[in-house]
Amino acid sequence: MGAFTSFGRKLMKLSQYFMPILRDDPKEAEIVSHRLMLRTGMIRQESAGIYSWLPMGLRVLKKIEQIVREEQDRAGALEVLMPTIQSADLWRKSGRYDDYGKEMLRITDRHERDMLFGPTNEEMITDIFRAGVQSYKDVPRNLYHIQWKFRDEIRPRFGVMRGREFLMKDAYSFDVSAEDGRHSYNKMFVSYLRTYARMGLKAIPMRAETGPIGGDMSHEFLILAETGESEVFFDRDFYDMDWSAFEIDYDDLETVSQTVTEYTSKYAASDEKHEPEEFEKRVPESRRLSGRGIEVGHIFFFGTKYSEPLGCVVQSADGKPVALHSGSYGIGVSRLAGAIIEASHDDDGIIWPESVAPFKVGLINLKAGDAETDAACANLYSGLCQKGIDVLYDDRDDRPGAKFARMDLIGLPWQVIIGPRGLKDGVAEVKERATGERQNVPLDNVVSLF
RNA sequence: CGGGGCGUGGCGCAGUCUGGUAGCGCAUCUGGUUUGGGACCAGAGGGUCGCAAGUUCGAAUCUUGCCGCCCCGACCA
């Protein structure tokens, strides 16, 4: 096998990869994330609001998905997988078959049965839960899945930011009472803070339209970006809050609740919920900020809206039946791919946060075909791969300038540059994409940097 | 759905008004010279001009119908 042994899917040589880079901007792409996703060959449009994910894009999507999954698991949610196609029956029971309107893609099977491509899964999950539990001892529970949804949007746009087919994580909590439900809600709230933090995002929770229960049990999470779809108003103090993925004990009701309070006590609202008088009253002028935001998550509590019509009932401690109280919690996984780019790019291209970068290191061979640079690259490449680092090795016979531009465009966090000049001194140039900082590192020390 | 625009090699565009059998840049391939921030020279391949019908000796170009896509608005992860 030699130097280029494959360790799982860590390694990738550009000469063997599929990354159709475009030098010019496709004209349909108006916003930067859409442009960059098309230009770096992450995605390809198949139809309005429907995309194929090519190797680079898929790697990013999978990494985002995995972070979401890990944080859901950490918060105690259990992963399931429901189908993309659903029967109309459940939706007729909940009354939403007619309510949902044209946004729902309706289809019929060969027996003329009414089916639909799921836009969401409240009905199905409630039915699954109903069939699986009989006792109050079986709750609380939170089930989630990460699945493709289809909503026949009036106007899809901005690439994967508003697709018709999109990958979404949706979680559903079940509790015997609204009071208990609050803790389930709070846990998801906190898990969202952690999830976004791990992707390098500051997603500000903003009060959203409340469900039938009212109160403060619905929040949208918005990240700030110039190209965001909604206008947002918030307190400058949000900047000073802890946006790291802080540790928390999800079973500690008090701490979880306090954390939620901490992140919801300051003013933050998107345009439709914005109350100018309230904003002025609560926030001193010097701290009032406004900007654009992208919604990357939405959580809400809807009580017994689905459990009652669908008969999702358990027997309580005193033997009486009680309809379960539910909340649902969504994160737009595919949208996040675009949103992260909106939040992290420069004139040269994408700047991937390391946690979601398709590869951690780009290895550039400035003189592919030259025995010395080839050997040095092969050596580093296998060293990095053995260490489990995802490396994209640019072994193509291009001019240096083209390689640098390409690597900056695709935005891997680190570049290791090998050329004849550096090799004379036994060093590689290591460049950090985010800062542009470069340093010469002795060849033997390169692997240990990562 | 209302308003605006577009559809011509992989990407970006010209040509359409005034019909005459398709062109430019980038990308790709071959050869050569090059090589530390998007090289140069020479050559080459690649297009049913969105689809259909019509007018005409002749249609990318004119007419009609259809389809697709983008942007602005209402909706949303």
Side-chain angles (χ1 to χ4, degrees), chain A residues 20-31 34-35 38-41 44-50 64-65 68 100-104 118-121 146-171 192 195-196 203 208-209 219-223 228-230 270 272 293-300 328-339 348-349 364-370 373 396-409 415 417-425 427-429 431 436 438 440:
Chain A
I21 282 189
L22 300 175
R23 191 150 159 176
D24 299 314
D25 289 328
K27 68 173 176 198
E28 74 270 17
E30 291 279 318
I31 66 167
H34 193 194
R35 281 204 300 273
L38 291 169
R39 285 195 54 199
T40 57
R44 195 183 96 104
Q45 181 167 23
E46 299 299 348
S47 176
I50 300 177
I64 294 170
E65 180 182 338
V68 170
Y100 222 93
K102 290 197 148 185
E103 211 168 292
M104 185 153 78
T120 180
N121 286 72
I146 299 171
Q147 177 63 290
W148 292 91
K149 304 287 189 294
F150 192 94
R151 291 181 193 171
D152 203 353
E153 291 279 345
I154 297 167
R155 185 150 92 85
R157 63 185 132 170
F158 302 149
V160 300
M161 301 280 280
R162 177 177 298 291
R164 291 193 293 171
E165 189 177 55
F166 59 96
L167 187 61
M168 176 168 139
K169 185 285 300 182
D170 40 329
Y192 276 36
T195 301
Y196 300 123
E209 282 308 324
H219 289 90
E220 300 175 335
F221 290 77
L222 286 100
I223 62 166
E229 287 190 87
S230 16
S270 58
E272 68 260 27
I294 300 168
E295 187 184 346
V296 291
H298 195 165
I299 60 179
F300 50 95
S328 76
Y329 315 89
I331 289 183
V333 175
S334 48
R335 171 180 286 185
L336 273 168
D348 294 326
I364 300 178
N365 186 341
L366 283 182
K367 200 171 180 182
D370 173 86
T373 59
R396 285 178 47 170
D397 182 20
D398 276 341
R399 293 182 71 81
K403 286 170 178 276
F404 290 135
R406 183 163 58 214
M407 199 57 83
D408 282 348
L409 177 69
Q415 298 170 16
I417 300 157
I418 298 292
R421 212 176 279 176
L423 284 187
K424 275 195 197 122
D425 304 324
V427 298
E429 183 178 303
K431 175 179 163 184
R438 310 177 199 181
N440 286 323

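Lettering of chains follows the sequences in order, A, B, ..., and the numbering in each one begins at 1. This is a predicted model, so every value here is computed, not measured.
One can place CZ of A:Arg155 at 10 Å from P of B:A74, the figure rounded to the nearest angstrom. One atom, NZ of A:Lys27, and another, P of B:G10, lie 14 Å apart when rounded to the nearest Å. One atom, CG of A:Asp152, and another, P of B:C76, lie 15 Å apart when rounded to the nearest Å. B:U28 atom P lies 12 Å from atom CG of A:Asp24, rounded to whole Å. The nearest whole Å value for the distance from the CG atom in A:Leu38 to the P atom in B:A27 is 19 Å. Across the protein-nucleic acid pair, A:Phe158 atom CZ and B:C76 atom P stand 16 Å apart, rounded to whole Å. Rounded to whole Å, atom C1' of B:G36 lies 13 Å from atom CG of A:Asp425. Rounded to an integer number of Å, the gap from A:Leu336 CG to B:A77 P is 13 Å.
Between A:Ala48 and A:Val333, the residue anchored nearer the 5' end of RNA chain B, judged by the nucleotide with its closest heavy atom, is A:Ala48. A residue-by-residue look at A:Glu30 and A:Lys403 shows that A:Lys403 has its nearest nucleotide of RNA chain B further toward the 5' end.
The side-chain ring of A:Phe166 is stacked on the base of B:A77, judged by centre separation under 5.5 angstrom and plane angle under 30 degrees.
Using Watson-Crick or G-U wobble geometry with both donor-acceptor distances under 3.5 Å, B:G2 finds its partner in B:C72. Nucleotide B:G45: unpaired (no Watson-Crick or G-U wobble partner with both distances less than 3.5 Å).
A:Arg23 has no side-chain polar atom (N or O) that falls below the 4.0 Å cut-off from OP1 or OP2 of B:C26. The phosphate of B:A77 (OP1 or OP2) has no side-chain N or O of A:Thr120 nearer than 4.0 angstrom. A sub-4.0 Å separation between OP1 or OP2 of B:U34 and a side-chain N or O of A:Arg399 is absent. Contact annotation: A:Gln45 reaches the phosphate of B:C70 (side-chain N/O to OP1 or OP2, under 4.0 Å). In this model, the phosphate group of B:A74 is not approached by any side-chain N or O of A:Arg157 to a distance below 4.0 Å at OP1 or OP2. For the pair A:Arg396 and B:U28, the criterion of a side-chain N or O lying under 4.0 Å from OP1 or OP2 is met.
Using a 4.0 Å heavy-atom criterion, one finds that A:Lys431 contacts the bases of the nucleic acid, with or without backbone contacts as well. As judged by a 4.0 angstrom heavy-atom cut-off over every strand, A:Pro420 is placed among the base-contacting residues. A:Gly338 comes within 4.0 angstrom of no nucleic acid atom, judged by non-hydrogen atoms across all strands.
Remark: the separation of the P atoms in B:C29 and B:G45 is 16 Å, to the nearest Å. Comparing B:U18 with B:G25, their C1' atoms sit 27 Å apart, to the nearest whole Å. Comparing B:G5 with B:G37, their P atoms are spaced 46 Å from each other, to the whole Å. Between B:U33 and B:G38, the two P atoms lie 22 Å apart (nearest whole Å). Comparing the same atom, C1', in B:G58 and in B:G65 gives a spacing of 23 Å after rounding to whole Å. Between B:U63 and B:C70, the two C1' atoms lie 26 Å apart (nearest whole Å). Of the C1' atoms belonging to B:C11 and B:G43, the separation is 23 Å, rounded to the nearest Å. Of the C1' atoms belonging to B:G12 and B:C6, the separation is 14 Å, rounded to the nearest Å.
No hydrogens or angles were tested; on distance alone, nothing pairs the side chain of A:Asp25 with the base of B:G12 as donor and acceptor under 3.5 Å. The base of B:G38 lies close enough to the side chain of A:Arg39 for a donor and an acceptor atom to sit less than 3.5 Å apart. At a cut-off of 3.5 angstrom, counting only N and O atoms as typed in the model, there is a donor on one side and an acceptor on the other between the side-chain of A:Arg438 and the base of B:G37.
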Evaluate the criterion side chain to side chain contact (heavy atoms under 4.5 Å, CB included) for residue pair A:Thr373 and A:Leu366; output intermediate values, then yes/no.
CA-CA 8 Å; A:Thr373 59; A:Leu366 283 182; 6.0 Å; no

Between A:Arg438 and A:Ile417, does a side chain to side chain contact (heavy atoms under 4.5 Å, CB included) hold up when you go through it step by step?
CA-CA 10 Å; A:Arg438 310 177 199 181; A:Ile417 300 157; 5.9 Å; no

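At least one side-chain heavy atom of A:Lys431 sits under 4.5 Å from a side-chain heavy atom of A:Asp408. Counting only heavy atoms from C-beta outward, the side chains of A:Pro119 and A:Glu103 never approach each other to under 4.5 Å. With contacts defined as side-chain heavy-atom distances shorter than 4.5 Å, the pair A:Glu429/A:Ile364 does not qualify. In this structure, A:Ile331 and A:Phe221 have side chains that are not in contact, with every pair of non-hydrogen atoms separated by 4.5 Å or more. At a threshold of 4.5 Å between non-hydrogen side-chain atoms, the residues A:Asp348 and A:Phe404 do not count as touching.
When distances run from any side-chain atom of A:Arg151 to the nucleotides B:A77, B:C75, B:G36, the shortest one goes to B:A77.
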